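These numbers were taken from a predicted model, which means no experiment stands behind them. Atoms considered below: every heavy atom in the structure, side chains included; atoms not considered: hydrogens, waters and symmetry mates. Below, read A as the first sequence line, B as the second, and so on, with proteins coming before strands; counting in each chain starts at 1.
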Protein chains: 2
Amino acid sequence: MPETTVQLADLTVDDFLDRLASSDPAPGGGSASALAGAMAAGLVGMVAELTAGREQYAEQDAAVREIGAAAAEHRRTLMTLAQDDATAYDGVVRARRLPKETEADQAARSVALRASMLEAARIPMQIASESLDVLQLAERIAPIGNKNAVSDAGVAALLAAGALRGAVLNVRINLPYLAADESMRTEAPAELARLEELAGMLEASAAAAVDARIGGS
Amino acid sequence: MPETTVQLADLTVDDFLDRLASSDPAPGGGSASALAGAMAAGLVGMVAELTAGREQYAEQDAAVREIGAAAAEHRRTLMTLAQDDATAYDGVVRARRLPKETEADQAARSVALRASMLEAARIPMQIASESLDVLQLAERIAPIGNKNAVSDAGVAALLAAGALRGAVLNVRINLPYLAADESMRTEAPAELARLEELAGMLEASAAAAVDARIGGS
């Protein structure tokens, strides 16, 4: 049975992984993507912490502190979205189980199913957008953050890009279930393509900055 | 102060993220990569759970069960490696803090530093190798697992590939600190290139299978 009440952020890491691996559809790929994005934001925050206030990086101090504060904000939002995605998916499961005996049943079930599917597409769209913001922060801090932590900025970029692409898959799998004239259904493909294109550019730019600073290899 | 005793798997997700974002260097990008790989393994396990025993997928039942069991094993190993990476990094921090007043101090510190850096390169090498195995499982289940969960197989492939590349960065940043004749230092670059090449191929193959099954987009 889906449990909408459990707070994923309060589970132990092992319990979260157990629930991910279970046959319950939630938490699933959407929540995992959001948590990957939250880890990316956490790593950006760590790089900012290891840079701010150090003489060697004084010139970038204001930028680094701003990046760190923004990362903390996105981390909170992504954890909320991890929860929302699980809740949205539970909603889909509940709608699927509604009675479909009478015509009235079927009409009510169809309305509930469409509404829950719209939410199940809307949440990962937000996860993708938030992950793009985190990727942008990783790309900004990679060339200016503490050099000893440049691999952490690189991991942040990789995980944020993976989170974005994972969220995109979760939008795409739900789109066919939306009403043909639903604006999300008609507008999402172009927005997903835009997010993926930006992600590719930012990821390449972050990787170039990391490669230039990581030393001999 | 680094705390080697805390078990990352027993922290709540929020506490883990707090520690990731803190100025303590551990847990850092290596542990985050390992956890991303463990999430990927968890998602492969979920897809296997949603496929095994269903008539529609009977032909692939044995393969799916084998993939699910292997994913559970890799998930455990990756969580152990997440812990080991944090411990290894604490070892580096401890070695850096050793006294360096006398020549004997300096010699002892240098030996301790090299040993701790070797461990800090060895662990992410294992994380990369384990993540490749998980990526392979995701690539195998994407075309044969429950179609309703194909986006989860896709997210698993993305997170496993990100985990692998993140671990590679963590090996690379530590290599320059190893002795010039250390076999890890001389042999790692070729092994890292091999892992990254395989990851690129498996990720593309998984993405093609997901795209073919995810429906209209």
* Asked: From Gln136(B) CD over to Ser205(B) OG, what is the distance, rounded to the nearest 0.5 angstrom?
  -> 10.0 Å
* Euclidean distance, Ile67(A) CD1 relative to Leu137(A) CG, rounded to 0.5 Å -> 6.5 Å
* With a 4.5 angstrom heavy-atom cut-off, could you sort out which part of Leu8(A) is near chain B: side chain, backbone, both or neither? => backbone
* **Side chain / backbone / both / neither for Met79(A) at chain B, heavy atoms under 4.5 Å** => side chain
* To do: Would you sort out whether Glu139(B) and Glu203(B) count as a side-chain contact (heavy atoms from CB on, under 4.5 Å), showing the intermediate values?
  => CA-CA 7 Å; Glu139(B) 191 260 354; Glu203(B) 198 185 15; over 6 Å; no
* Close side-chain approach of Arg140(B) and Ile144(B), heavy atoms under 4.5 Å -> no
* **Asp61(A) and Arg65(A) ion-paired at < 4.0 Å** => yes
* Asked: Any ion pair linking Arg194(B) and Glu191(B) (charged N to carboxylate O, less than 4.0 Å)?
  -> yes
* To do: With rounding to the nearest 0.5 Å, note down the distance linking CG in Leu135(B) to CE in Met201(B).
  => 10.0 Å
* Max heavy-atom pair count under 4.5 Å with chain B, selected residue of Gly42(A), Ala188(A), Ser33(A), Gly166(A) -> Gly42(A)
* For chain B, which of Pro25(A), Ala161(A), Ala32(A), Gly162(A) has the most heavy-atom pairs under 4.5 Å? -> Ala32(A)
* **Arg97(B)/Arg109(B) under side-chain contact (heavy atoms from CB on, under 4.5 Å): CA gap, chis, key distance, verdict** => CA-CA 9 Å; Arg97(B) 289 178 184 162; Arg109(B) 182 173 177 275; over 6 Å; no
* Residue Val171(B) versus chain A: region with a heavy atom under 4.5 Å -> neither
* **Interface moiety of Val168(A) toward chain B, non-hydrogen atoms closer than 4.5 Å** => neither
* Asked: Residue by residue, which of residues 44-56 of chain B have a heavy atom closer than 4.5 Å to a heavy atom belonging to chain A?
  -> Gly45(B), Met46(B), Glu49(B), Leu50(B)
* Under 4.5 Å heavy-atom distance to chain A, tell me which part of Leu17(B) shows up: side chain, backbone, both or neither. => both
* Distance, nearest 0.5 Å, that separates CD of Glu130(B) from OG1 of Thr77(B) -> 4.5 Å
* Asked: Can Arg122(A) and Glu182(A) be counted as an ion pair, charged N to O under 4.0 angstrom?
  -> no
* Measure Arg75(A) against the heavy atoms of chain B and call it side chain, backbone, both or neither at under 4.5 Å. => side chain
* To do: Measure Asp18(B) against the heavy atoms of chain A and call it side chain, backbone, both or neither at under 4.5 Å.
  => both
* **Closest approach of Ala86(B) to Ser31(B) (non-hydrogen atoms, all atoms of both residues)** => N-OG, 3.7 Å
* chain B: which of Arg165(A), Arg213(A), Arg185(A) shares the most heavy-atom pairs with it under 4.5 Å? -> Arg165(A)
